[in-house]
Amino acid sequence: MELYLYNTLTRRKEKFEPLNPPYVGMYTCGPTVYNYAHIGNLRTYIFEDILKRVLLYNGYIVKHVMNITDVGHLTSDADEGEDKIEREAKKERRTAWEIAEFYTEAFKRDIKKLNILEPDIWCKATDHIKDFIDLILILEKKGYTYKTSDGIYFDTSKVPDYGKLAGQDLENLLPGARVEYNPEKKNPTDFALWKFSPKDVKRQMEWDSPWGIGFPGWHIECSAMSTKYLGQPFDIHCGGIDHIPIHHTNEIAQSEAAYDKPMAKYWLHGEFLVMGEKRMGKSEGNFITLSDLEEKGYHPLSYRYFCLTAHYRSPLRFTWTALESAQRALFRLYENMKRYPQENASYDKKYEEEFHKAINDDLDMPKALAITWELVKDDQVPPEVKRATLLQFDKVLGLSLNNPPEIKIEIPEEIWKLVEERELARKNKDWEKADKIREEIRNKGYIIEDTPQGPRVKKATPLTK
Ligand SMILES: Nc1ncnc2c1ncn2[C@@H]1O[C@H](COP(=O)(O)OP(=O)(O)OP(=O)(O)O)[C@@H](O)[C@H]1O
Ligand SMILES: [Zn+2]
């Protein structure tokens, strides 16, 4: 079956044709390991995992590379401010190396809990300094670089199609991102390839280079490591949408200037997880981690399910009620699964075909989930066939349907119905009714806490007022 993916580079859904079938090279920009990943970051990794699973489902042999940025990502994506890892090291009174190691391990634990398939290659920026220097030397030889007092920069005016990934958006997006404009740069869009260590503060992570002691820029890392492990061009490069105007734009500029050929054929970007009006972000100061969800009684796979309810190119708003609904739906799926006899059976061809069509249509997971539920509710399909079909779907869904974890639903159905009724009343601005329902819920032993992310329901304890 043909697979269609939306390519940011061409701004349309394209038939997927790998460069060297059945092999597919896929590079996903990994975490900057200065803190725990938040569930917004994790939404992007879940989207990339679905993409990888869909490729595997279609019979491709995938080589997946993910980097770990453990140096060089400054507090602004535009080469200004402090190194995120060194800053955190100072704050936590640990070494930069310890910080990077600690949060890398935390990240790996998180993605495992979310059933995200491990990349075939993990590559750490600090293990590849020589590769970055070699790439900068090529760019220098070809006349793309210049020196300022704080580093070696890439001259973007030498690239006629600079910014092609962001298209028209570039003009709107860049000046905003570049408020802290460095007057030594020749063009506002120029970016650092190598930064010199500051004279007054001793850096923990620094290396010798032909230009002086310092550290690599963030963008050069992904250019050098993707080419090293996947060649150039390779098939798919992905990340969150925030990477389009700066990080990926600059990766393309460097890699294509160095080797005079395209960097990657398909560029896929996941939309944000939003909270209130803003994206969830560490730099935005409004973030929730996977452990936060677990502490509040949510299973990590309920979060995965929640992410599958939206298309990866649509923003997804986080609310506690939506997460609760996702957990309930997943729980019901597990309950059904446990009831089906574990007999050998083949999957239902009609449902499988529909499911396959949905996932091959630019990863339409909301539709795939709808088909999953249609199957569960279909009385014409024998239970053992349902089970076999769901296990087939789970190759992509990744919800552990074969071995459902225990999920405790702590809020009884009756209370949950009232919570939903109250939400509806609030939506209709019927405050009186909403208050009445809140009182009713309270009388049944539960309390509602209204948070900026929507109401949260808890069992009342003798101490709750
Ligand atoms: N709210 C969000 N929703 C979805 N993806 C996101 C969100 N915020 C960041 N991402 C993505 O998460 C991935 C990891 O980003 P990275 O580790 O560099 O985090 P970061 O940029 O330091 O995070 P933040 O900007 O929140 O401090 C990137 O692909 C990025 O596009
Ligand atoms: Zn990257």
Side-chain angles (χ1 to χ4, degrees), residues 8 26-49 51 65-78 81-85 87-88 99-100 103-104 106-108 110-111 116 119 123-125 128 132 165 177 191 216-227 229-230 234 236-255 263-264 267-290 303 306-307 310-318 453:
T8 308
M26 169 173 169
Y27 186 89
T28 53
C29 287
T32 307
V33 283
Y34 67 106
N35 205 329
Y36 294 106
H38 54 69
I39 56 172
N41 301 136
L42 293 171
R43 180 186 185 200
T44 292
Y45 298 110
I46 291 171
F47 137 62
E48 292 162 347
D49 183 57
L51 169 62
V65 179
M66 191 189 288
N67 68 297
I68 297 283
T69 298
D70 55 354
V71 66
H73 192 173
L74 304 189
T75 43
S76 130
D77 281 359
E82 281 179 280
D83 185 307
K84 289 185 178 186
I85 309 229
R87 186 188 59 170
E88 195 59 30
I99 291 291
Y103 290 114
T104 301
F107 176 72
K108 288 186 178 174
D110 279 352
I111 64 166
I116 291 174
C123 43
K124 231 166 53 168
H128 294 78
F132 310 153
L165 185 69
F191 55 91
W218 172 37
H219 320 303
I220 198 78
E221 300 178 3
C222 290
S223 278
M225 292 190 283
S226 58
T227 303
Y229 294 108
L230 297 172
F234 58 90
I236 307 181
H237 195 316
C238 24
I241 46 158
D242 52 330
H243 285 349
I244 299 172
I246 303 177
H247 184 50
H248 288 170
T249 286
N250 293 345
E251 280 186 40
I252 290 176
Q254 299 165 140
S255 292
M263 182 179 186
W267 291 79
L268 271 72
H269 294 95
E271 254 286 358
F272 282 146
L273 180 77
V274 292
M275 275 219 315
E277 297 312 308
K278 284 196 292 196
R279 79 162 176 120
M280 182 177 290
K282 273 167 262 180
S283 14
E284 310 282 345
N286 63 349
F287 72 96
I288 297 178
T289 64
L290 200 59
Y303 181 65
F306 169 67
C307 288
H311 191 268
Y312 76 92
R313 286 195 289 119
S314 309
L316 174 60
R317 190 170 302 276
F318 178 81
Q453 296 79 46

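When a residue number appears, it is its place in the shown sequence, counting from 1. In each ligand, atom 1 is the first atom listed, and ligand 1 is the first ligand listed.
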Next item on the list: Starting from the C-alpha separation in whole Å, work towards a yes-or-no answer on side chain to side chain contact (heavy atoms under 4.5 Å, CB included) for T8 and L165.
Entry: CA-CA 7 Å; T8 308; L165 185 69; 4.1 Å; yes
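- One finds the CG atom of D242 at 7.0 Å from the OG1 atom of T44 (value rounded to the nearest 0.5 Å).
- Any N or O atom pair closer than 3.5 Å counts here, and P31 shares no such pair with ligand 1.
- Note: no N/O pair closer than 3.5 Å links I241 and ligand 1 by distance alone.
- Ranked by closest heavy atom to atom 26 (O) of ligand 1, the top entry among M275, H269, H243, K282 is K282.
- Residue contacts with ligand 1 for L273 involve both N, CA, C or O and side-chain atoms from C-beta outward (heavy atoms, distance under 4.0 Å).
- Of all atoms in ligand 1, listed by their number and element, those nearer than 4.0 Å to a heavy atom of T44 are 4 (C), 5 (N), 6 (C), 11 (C), 29 (O).
- Within ligand 1, the atoms closer than 4.0 Å to a non-hydrogen atom of E271 are 4 (C), numbered from 1 in the order shown.
- Under the 6.0 Å cut-off for aromatic ring centres, F318 and H38 do not qualify, their centroids lying 6.0 Å or more apart.
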Margin query: Show, in sequence, the C-alpha distance, side-chain angles and deciding distance for Y34 and K282, and conclude whether the side chain to side chain contact (heavy atoms under 4.5 Å, CB included) test is met.
Written below: CA-CA 10 Å; Y34 67 106; K282 273 167 262 180; 3.4 Å; yes
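- If you number the atoms of ligand 1 from 1 as listed, the ones under 4.0 Å from a heavy atom of G281 come out as 26 (O).
- Residues meeting the ring-ring contact (aromatic ring centres under 6.0 Å, His included) test with H269, sequence neighbours left out: H248.
- The aromatic rings of H219 and H247 sit tilted relative to each other, their planes meeting at an angle between 30° and 60°.
- A donor-acceptor contact closer than 3.5 angstrom is absent between the side chains of Y103 and D70.
- Annotation for ligand 1: atoms under 4.0 Å from non-hydrogen atoms of H73 are 18 (O).
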Next item on the list: I would like to know whether F234 and M26 meet side chain to side chain contact (heavy atoms under 4.5 Å, CB included); could you show each step before the answer?
Entry: CA-CA 7 Å; F234 58 90; M26 169 173 169; over 6 Å; no
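- Under a 3.5 Å cut-off, the side chain of N67 and the backbone N or O of C123 do not form any donor-acceptor pair.
- Close N/O approach between M280 and ligand 1 is found [any backbone or side-chain N/O within under 3.5 Å].
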Next item on the list: Kindly indicate, with the supporting measurements, whether the criterion side chain to side chain contact (heavy atoms under 4.5 Å, CB included) is fulfilled by I288 and Y303.
Entry: CA-CA 12 Å; I288 297 178; Y303 181 65; over 6 Å; no
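- For the residues A37, G40, G240, the heavy atom positioned nearest atom 6 (C) of ligand 1 is part of G40.
- Protein N/O/S atoms found under 2.8 Å from the Zn ion (ligand 2), listed by chain and residue number: C29 SG, C222 SG, H247 NE2.
- If you look at F287 next to ligand 1, there are no close heavy atoms at all, none under 4.0 Å.
- Side chains of C307 and R43 form a contact here, defined as non-hydrogen atoms less than 4.5 Å apart.
- Between W267 and H237, the angle of the ring planes stays under 30°, which puts this pair in the parallel group of the 30/60° scheme.
- In terms of N/O distances under 3.5 Å, ligand 1 is approached by H38.
- If you take CG on L42 and CG on D49, they are separated by 11.5 Å, rounding to the nearest 0.5 Å.
- Where the criterion is an N or O separation shorter than 3.5 Å, residue side chain and backbone included, N41 meets it with respect to ligand 1.
- The shortest N/O to N/O separation between R43 and ligand 1 does not fall below 3.5 Å.
- The backbone N or O of C238 sits nowhere less than 3.5 Å from a side-chain atom of T28 that would complete a donor-acceptor pair.
- Per-residue contacts place Y34 under 4.0 angstrom from the following atoms of ligand 1 (heavy atoms of the residue considered): 22 (O), 27 (O).
- Close approach of ligand 1 to K84 is summarised as follows: ligand atoms under 4.0 Å from at least one heavy atom of the residue are 20 (P), 21 (O), 22 (O).
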